[in-house]
Amino acid sequence: MAEQTQHTPLSPLAQRQVSQVPFSRPATPESHNRVQIGWIGLGSMGYLMARNLARHRATHLEHQPPLLVWNRSREKSENLLKELGESAVTIAQSAAEVAIKCDIVISSLANDGVVKSTYQDIAVALKAQPPAKHKIFVEASTIYPSVAGELDALISAIPHCHLVTSPVFGPPLLADKAGLVVALSGDYNSKKEVAYVLVPAIGRRALDLGNNLEKAPTFKLIGNSLILSSLEIIAEAYTMAEKSGVGQALVYELIKELMPSPLWLSYGDRMLKGNFNGNGGFSIDGGVKDATHIRHLTAEHNSPMPVVDATYNHLLAARAIHQAQARTGSTEFPVLDWSALIAGTRVAAGLDAFDGSKACPRTVPLRTSR
């Protein structure tokens, strides 16, 4: 009689991974090998993602080295080290050090220019010290799709190196709770390994966009067009409610009854309360960058998105008003959240930019003849 193979049952954590990752588990699980992971960029999203990854590895995986982190401002790296301790985090002196020392390098950076300059520095360092074994670079920033091709040209020219594009979906609130959705494009085996590093450590689900590295960044921009368009719709509805005397609060009550998605509830609440502090949220500069990329994408594919066009104009208007206030010292927030685009719809309707209940001070009421 043939001997039956005994299979060890999967832990609840492993079962969750299998159900939320569209790849079979790697032949050699990470827990069986020492895998050095590095993180570059500790912005409002990057910090939370890096923290959750470092904490997850320290508490769920045995014999794994601490996460090696680097940020342009060392203060954020030191804050992360203070929060988690030396068993979970160590600080690198440069992005090049992270690239040389790590098996998997994840980057989350502000814009295309910073991404490209960082990868150029990494390429120079690795050409001087070529890696002797497999190395994966994971680009998690929101970039224009063609930038992925430029990064791939740099990375693929280095022996044993592969690039995966892996932007994430979700606001800082979800990032804080490891509830992000992760998109992945690139080499299949590399994606498989990365997916099991990121889920459930930083995200609740991974989506496979295929081998073309440009697909995940494209998908990210499409996803952000949904968010930006939602902000625009809420802003227009709130502004009309104030002008017509119905009031924003009742519109928010309707949102809670009929459209209680986390996105609409969160940003509807921000606009209602005038909470436009971009620290800990998503900055209006980031919104302008994303809207610019989306409009570029619509032109490239001849696929109009008129709501995004309106959103872009209102983002610019809100930023201009905020910068004018900053010059006179009258601004309430040092960094503006992208939900402040409602300032554009309010001013167009004769209301105060950042308080929809006030009439715009530049508006002169019309006199009626007797």
Got more than 12 heavy atoms from elsewhere within 6.0 Å of CD, Glu332?
no
Is the closest side-chain heavy-atom distance between Leu61 and Val35 below 4.5 Å?
no
Please examine the side chains of Glu83 and Arg51, heavy atoms only from C-beta on, and report whether any two atoms are closer than 4.5 Å.
yes
Working note: Thr165 + Glu139, criterion side chain to side chain donor-acceptor pair (under 3.5 Å); need CA distance, chi angles, decisive distance, verdict.
CA-CA 5 Å; Thr165 49; Glu139 180 44 56; over 6 Å; no
What's the separation between atom OG1 in Thr90 and atom CD in Glu97, rounded to the nearest 0.5 Å?
8.0 Å
Quiz question: by atom type and distance under 3.5 Å, do the side chains of His293 and Asp112 form a donor-acceptor pair?
yes
Examine Arg270 relative to Phe276 and say whether NZ or CZ is less than 6.0 Å from the centre of the six-membered ring and inside a 45° cone about the ring axis.
no
Would you call Ile143 and Asn111 a side-chain contact if the rule is heavy atoms closer than 4.5 Å?
no
I'd like to know if the side chain of Arg34 and the backbone of His63 have a donor-acceptor N/O pair within less than 3.5 Å.
yes
Tell me yes or no: between the side chains of His322 and Thr331, is some donor less than 3.5 Å from an acceptor?
yes
Taking the side chain as every heavy atom from C-beta outward, state whether His162 and Ile155 have any pair of such atoms under 4.5 Å apart.
no
Ring centroid separation His296 to Tyr144 under 6.0 Å:
yes
Determine whether the aromatic ring centres of Phe23 and Tyr196 lie less than 6.0 Å apart.
no
Report yes if the side chains of Phe354 and Phe333 come closer than 4.5 Å at any heavy-atom pair, otherwise no.
no
Any chance CZ of Arg55 has more than 12 other-residue heavy atoms, nucleotides or ligands included, within less than 6.0 Å?
yes
Tell me whether the count of non-hydrogen atoms from other residues, nucleotides or ligands lying under 6.0 Å of NZ in Lys135 goes above 12.
yes
4.5 Å side-chain heavy-atom contact, Leu80 and Tyr47
yes
Is the closest side-chain donor-acceptor distance between Ser73 and Asn71 under 3.5 Å?
no
Mark yes or no for whether Lys220, through its side chain, and Ala183, through its backbone, hold a donor-acceptor pair below 3.5 Å.
no
With the side chain counted from C-beta on, respond yes when Glu193 and Asn189 share a heavy-atom pair under 4.5 Å apart, and no when they do not.
no
Between Asn211 (side chain) and Ser185 (backbone), is there a donor-acceptor pair under 3.5 Å?
no
Assess the pair Tyr238 and Tyr252: is the distance between their ring centroids shorter than 6.0 Å?
no
Count the heavy atoms belonging to other residues, nucleotides or ligands that lie under 6.0 Å from CZ of Arg295, then report whether that count exceeds 12.
yes
